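Accompanying notes for the structure given below.
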Amino acid sequence: MNLFRHFNDLVREAAASLDGAPSDINVGPITVEPPRDPSHGDLATNAAMVLAKPLRQKPRDIAEMLVPAIQEMDGVALVEIAGPGFINIRLGDGFWQARLTEILRRGTSYGDSEMGHGDRVNVEYVSANPTGPMHVGHARGAVFGDALASLLEKAGWDVTREYYIHDAGAQVDVLARSLHYRYRVALGQDPGPMPEGLYPGEYLIEPGRELAERDQDRWLDADEQEWLLPLREFATDRMMALIRADLHALGVEHEIFTSERKLHADGRVEEAVSDLEARGMVYTGVLEPPKGKLPDDWEPRPQLLFRATEWGDDVDRPLKKSDGSWTYFAADIAYHFDKYKRGFPQMIDVLGADHGGYVKRMVSATRAITGAKTGGLTIKLCQMVQLLDDGQPVKMSKRAGTFVTLRDVVDRVGRDVVRFMLLTRKNEAPIDFDFAKVTEQSRDNPVFYVQYAHARCCSIFRNAEKDVPGLDTSSEAVHAADLGLLKHPEELALIRLMTSWPRLVEQAAEASEPHRLAFYLYDMASAFHGFWTRGRDAEDLRFIHPDNPELTLARLALVDGVRTIIRSGLQVLGVTPIEEMR
RNA sequence: GGUCCCGUAGCUCAGCAGGAUAGAGCAACUGAUUCCUAAUCAGUAGGUCACAGGUUCGAAUCCUGUCGGGAUCACCA
């Protein structure tokens with residue numbers, strides 16, 4: 001239950017049935033929110049202020065009229081008018097205790113929402129070129145996309161996770177040539193130093209050997225035309241296997257892998273373009289030179305263009321290169337057309353910020369495809385990750401073969417750390433990922449802080465069994481505990497925080513911002529750690545009371561609630577809830 | 001020059017579809033460890049929310065402009 005929405009509905013009803021309220025009164029702007037200052041109460045509504053204008057009365061007077069109805073609502077203990085006309089609502093202990101019961105009953109499904117109405121949405125992420133292992137730069141999009149997909153699932157969408165394999169461009173030709181070089185070496189030839197522009201990374205040595213073993217000297221003296229295609233396929237298959245393994249190490253999974261090459265081979269590009277053409281969206285023309293800095297080799301040339309400007313872009317965009325082959329953009333149109341036809345009117349692409357210039361044209365193309373002026377495709381950009389080692393930037397160049405692979409990072413600091421760190425920032429802000437910092441298990445590192453809270457919860461359960469002989473700590477027993485015993489302000493504060501989880505899930509999903517979960521979990525952990533330490537001085541606030549099994553059981557219910565919420569959040573982020581830290 | 005993103009405490013960042021006195025971590029300072037895991041906690045100090053207008057009961061949040069930083073800018077992907 002999202003209690004804020006629950007009470008918002010009730011308050012809107014009350015507002016609509018006020019004496020003298022016109023039948024068409026707009027209650028939309030009325031909100032019920034947690035006040036920033038908890039001393040103001042549990043809920044605050046702006047209803048009186050919002051209604052002041054349409055009702056032509058003072059906010060405070062309207063508040064007076066609303067109070068009786070609000071006082072009647074289930075769970076409401078106290079209603080006050082404050083400030084310019086806020087109505088502050090305090091809910092009774094019983095209401096909060098009932099929420100804890102709800103949390104325990106629902107388990108990690110607590111917070112699941114029906115906001116998405118089961119609508120299908122396709123989330124495409126990673127889509128790294130199959131020309132080598134993943135590097136850290138890819139990790140952010142991977143983790144973000146994965147967490148976003150999980151978040152949307154939790155919020156009620158039917159999510160499909162997809163990876164677009166860029167196996168058709170010039171970069172895979174380079175890959176094939178690089179493989180051929182390694183293949184020749186594997187067969188004992190000395191091809192000399194690797195030519196400029198090939199991928200020098202060592203990850204192609206092994207595939208080169210495998211190819212030599214499989215095909216022997218079949219491609220050794222053959223023309224490039226003969227071996228380019230088969231080697232391209234061989235190499236991209238190998239590279240995709242690498243990438244999948246890297247993703248697996250990061251805990252990222254996709255359900256669907258779509259090959260760009262296959263789109264071309266199946267004639268999907270022609271199909272998509274002719275579909276647009278049939279609707280007058282395609283023409284041959286000459287583009288204006290780009291404003292500002294002119295590329296050295298710019299020359300006016302007629303090209304096949306898509307009328308992107310009709311769908312919100314700044315200029316029309318080329319579909320064919322000067323040599324007559326399709327642009328990447330054309331293939332991408334085909335790809336999104338394909339997704340649309342597969343039943344995804346809603347799509348999300350997760351891209352690196354260096355693709356920012358691509359957003360408008362792709363969004364406009366998708367609108368042209370679906371014929372909708374809005375909606376369709378949403379693109380989430382992830383800013384760059386700067387890799388540092390103790391404050392010093394780590395230089396990387398894929399061309400020079402010097403880059404830190406994702407696998408290196410995962411092996412060194414662990415998957416949970418990588419995931420949490422990359423998710424503890426909103427996607428639009430750049431991240432400095434400092435090896436030295438994330439490696440140390442300090443409080444500078446929020447992952448351990450949150451995991452520690454979860455482990456502490458588990459530890460309390462372990463100790464309770466030990467310290468309270470004969471205590472039944474099974475979930476049945478805990479769920480049946482007398483929660484009426486939980487009435488200390490600190491206990492209720494913990495429950496309140498747990499109760500804001502469903503609202504948070506919905507807001508994070510609405511904004512497509514999984515980082516909010518990470519911050520929430522940090523808050524939840526902080527509140528729990530605080531309560532735990534309170535028990536050092538005040539023995540009555542400890543969880544375990546050997547001489548009072550009833551209270552122990554109630555406290556265990558509280559702990560179980562915290563544990564459930566943290567586990568539920570970590571689950572969305574793809575981070576392991578550790579049960580014991582040593 | 002166009003487009004997109006960012007600008008909040010010394011540093012790194014939150015700030016919830018505008019809401020009451022702007023928050024956390026790090027760093028600094030004070031304190032808590034015979035006690036359920038101190039990988040923790042309690043406290044002190046620190047801000048003209050880049051700047052200027054506008055919208056309104058009310059702006060860090062929305063709009064316009066300026067300044068500063070980053071990304072990107074026909075045919076690559």
Side-chain angles (χ1 to χ4, degrees), chain A residues 31 33-37 40 44 46 49-50 52-53 59 82-86 88 127 129 131 166 168-172 260 286-295 297-301 303 305 313-315 317-318 320-323 325 327-329 331-332 352-360 381 383-384 424-432 437 440-446 448-449 451-453 455-456 459-460 462-464 466-467 500 503-504 507-508 510-511 513 515-516 518-520 522-523 526 529-537 539 542-545 555 559 580-582:
Chain A
T31 60
E33 292 177 333
R36 193 170 290 168
D37 184 345
H40 288 141
N46 62 355
M49 291 179 287
V50 170
K53 202 168 243 184
F86 286 104
N88 292 331
S127 300
N129 282 341
T131 54
H166 297 121
Q171 79 281 4
V172 282
E260 180 186 0
V286 179
L287 286 175
E288 295 285 314
K291 300 206 165 74
K293 208 191 249 175
L294 202 64
D297 56 347
W298 191 89
E299 57 184 42
R301 64 171 76 108
Q303 285 175 300
L305 300 171
D313 202 353
D314 306 317
V315 286
R317 303 292 182 175
K320 277 190 174 174
K321 302 180 203 169
S322 43
D323 66 1
S325 62
T327 58
Y328 170 79
F329 178 51
D332 223 349
D354 53 339
H355 291 70
Y358 200 68
V359 172
K360 274 195 181 178
L381 295 178
Q383 280 293 338
M384 300 293 154
T424 313
R425 190 129 319 173
K426 79 181 146 209
N427 60 296
E428 276 149 354
I431 294 183
D432 286 345
K437 270 206 175 135
E440 76 188 44
Q441 302 193 353
S442 71
R443 68 196 108 182
D444 210 0
N445 195 337
F448 292 100
Y449 187 83
Q451 287 184 319
Y452 182 36
R456 261 189 167 166
S459 160
I460 290 164
R462 287 191 297 267
N463 286 315
K466 202 172 60 196
D467 297 344
S500 63
R503 178 174 185 255
L504 188 99
Q507 290 178 328
E510 174 76 34
E513 292 184 345
H515 76 274
R516 294 190 192 183
F519 281 94
Y520 171 83
Y522 189 88
D523 287 345
S526 175
H529 284 312
F531 187 79
W532 193 95
T533 309
R534 209 75 27 96
R536 284 182 171 279
D537 299 326
E539 280 197 39
R542 292 198 189 162
F543 297 103
I544 299 168
H545 299 267
R555 290 267 161 85
V559 171
E580 191 167 8
M581 295 180 95
R582 286 289 169 200

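For the numbers below, each heavy atom of this structure counts, side chains included, while hydrogens, waters and symmetry mates do not. Chain A is the first sequence line, chain B the second, and so forth, proteins listed ahead of strands; every chain is numbered from 1. Just so it is clear, the structure is predicted and the values come from calculations on it, not from any experiment.
- For a distance-only test at 3.5 Å, the side chain of R534(A) fails to qualify as a donor-acceptor partner of the base of rC41(B).
- The side chain of H529(A) contributes no N or O atom lying less than 4.0 Å from OP1 or OP2 of rC36(B).
- The backbone N or O of A455(A) sits nowhere less than 3.5 Å from a side-chain atom of S459(A) that would complete a donor-acceptor pair.
- When rounded to the nearest whole Å, the span between OH of Y449(A) and C1' of rA39(B) equals 11 Å.
- We find that CG of D467(A) is positioned 12 Å from C1' of rC35(B), with the value rounded to whole Å.
- As rounded to whole Å, 12 Å separates atom C1' of rC76(B) from atom CD of E260(A).
- The ring-ring contact (aromatic ring centres under 6.0 Å, His included) check on H166(A) picks up Y164(A), Y328(A), with sequence neighbours excluded.
- Taking atom P on both rU66(B) and rU48(B), the two are 26 Å apart, rounded to the nearest angstrom.
- As rounded to whole Å, 18 Å separates atom P of rC36(B) from atom CE of M581(A).
- Contact between the side-chain N/O atoms of R425(A) and the OP1/OP2 oxygens of rC13(B) is found at a separation under 4.0 Å.
- Judged by distance alone, with hydrogens and angles left aside, D354(A) brings no side-chain donor or acceptor close enough to the base of rA77(B) to form a pair under 3.5 Å.
- A distance of about 35 Å separates the C1' atoms of rC73(B) and rC16(B), rounded to the whole Å.
- Stacking annotation: F86(A) is stacked on the base of rA20(B) (ring centroids less than 5.5 angstrom apart, interplanar angle below 30 degrees).
- Taking atom P in both rA28(B) and rG69(B), the straight-line distance is 31 Å, to the nearest Å.
- When rounded to the nearest whole Å, the span between CD of Q507(A) and C1' of rC16(B) equals 5 Å.
- Residue Y358(A) has its side chain nearest to rA77(B) when only rC76(B), rC36(B), rA77(B) are considered.
- The two residues F329(A) and P318(A) come nearest to each other via the heavy atoms CD2-O, 3.6 Å.
- Set against rC36(B), rA77(B), rC75(B), the side chain of Q171(A) has rA77(B) as its closest nucleotide.
- In this structure, the CZ atom of R456(A) is 8 Å from the P atom of rU40(B), given to the nearest Å.
- Atom pair E539(A):CD and rA32(B):P shows a separation of 19 Å (rounding to whole Å applied).
- In this structure, the nucleotide among rC16(B), rC75(B), rU40(B) sitting nearest to the side chain of S322(A) is rC75(B).
- In this structure, the aromatic ring of H40(A) is positioned over the six-membered ring of the base of rA20(B), centres within 5.5 Å and planes within 30°.
- Considering every non-hydrogen atom in both R425(A) and P430(A), the closest pair reads CD-O, 3.6 Å.
- Closest to the K321(A) side chain, of the nucleotides rG19(B), rC76(B), rA14(B), is rC76(B).
- Between rG2(B) and rU64(B), the two P atoms lie 15 Å apart (nearest whole Å).
- Among the nucleotides rA17(B), rC36(B), rU3(B), the one closest to the side chain of R542(A) is rC36(B).
- Listed candidates were rG19(B), rA77(B), rC41(B). Nearest to the side chain of M49(A) is rG19(B).
- The side chain of K320(A) places no N or O atom within less than 4.0 Å of a non-bridging phosphate oxygen (OP1 or OP2) of rA74(B).
- For K426(A) and rG15(B), the shortest distance from a side-chain N or O to OP1 or OP2 is below 4.0 Å.
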Any chance you could encode RNA chain B as dot-bracket? Rule is Watson-Crick or G-U wobble with both distances under 3.5 Å; [ ] for pairs crossing earlier ones, | for another strand. (((((((..((((.....[...)))).(((((.......))))).....(((((..]....))))))))))))....
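- With P as the reference atom, rG25(B) and rU44(B) are 12 Å apart, rounded to whole Å.
- Distance from the side chain of E428(A) is smallest to rC5(B) among rC5(B), rC76(B), rC41(B).
- What separates CE of M384(A) from P of rG70(B) is a distance of 13 Å, to the nearest Å.
- Checked by distance alone, R462(A) brings no side-chain donor or acceptor within 3.5 Å of a matching partner on the base of rC36(B).
- Closest approach to the Y522(A) side chain among rA74(B), rA24(B), rC35(B) is made by rA24(B) (side chain taken as heavy atoms from C-beta onward).
- Under 3.5 Å, the side chain of R301(A) and the base of rA74(B) form at least one donor-acceptor pair of N or O atoms.
- Residue Q303(A) places its side chain closer to rA74(B) than to any other of rA74(B), rU40(B), rG19(B).
- Between rC13(B) and rA59(B), the distance separating the two P atoms is 28 Å to the nearest Å.
- F86(A) is linked by a ring-ring contact (aromatic ring centres under 6.0 Å, His included) to nothing, counting only residues two or more places apart in sequence or in another chain.
- Ranking rA77(B), rC36(B), rA74(B) by closeness to the P318(A) side chain, first place goes to rA74(B).
- Stacking between H515(A) and rA14(B) is absent: the aromatic ring centre is not both under 5.5 angstrom from the base six-membered ring centre and within 30 degrees in plane angle.
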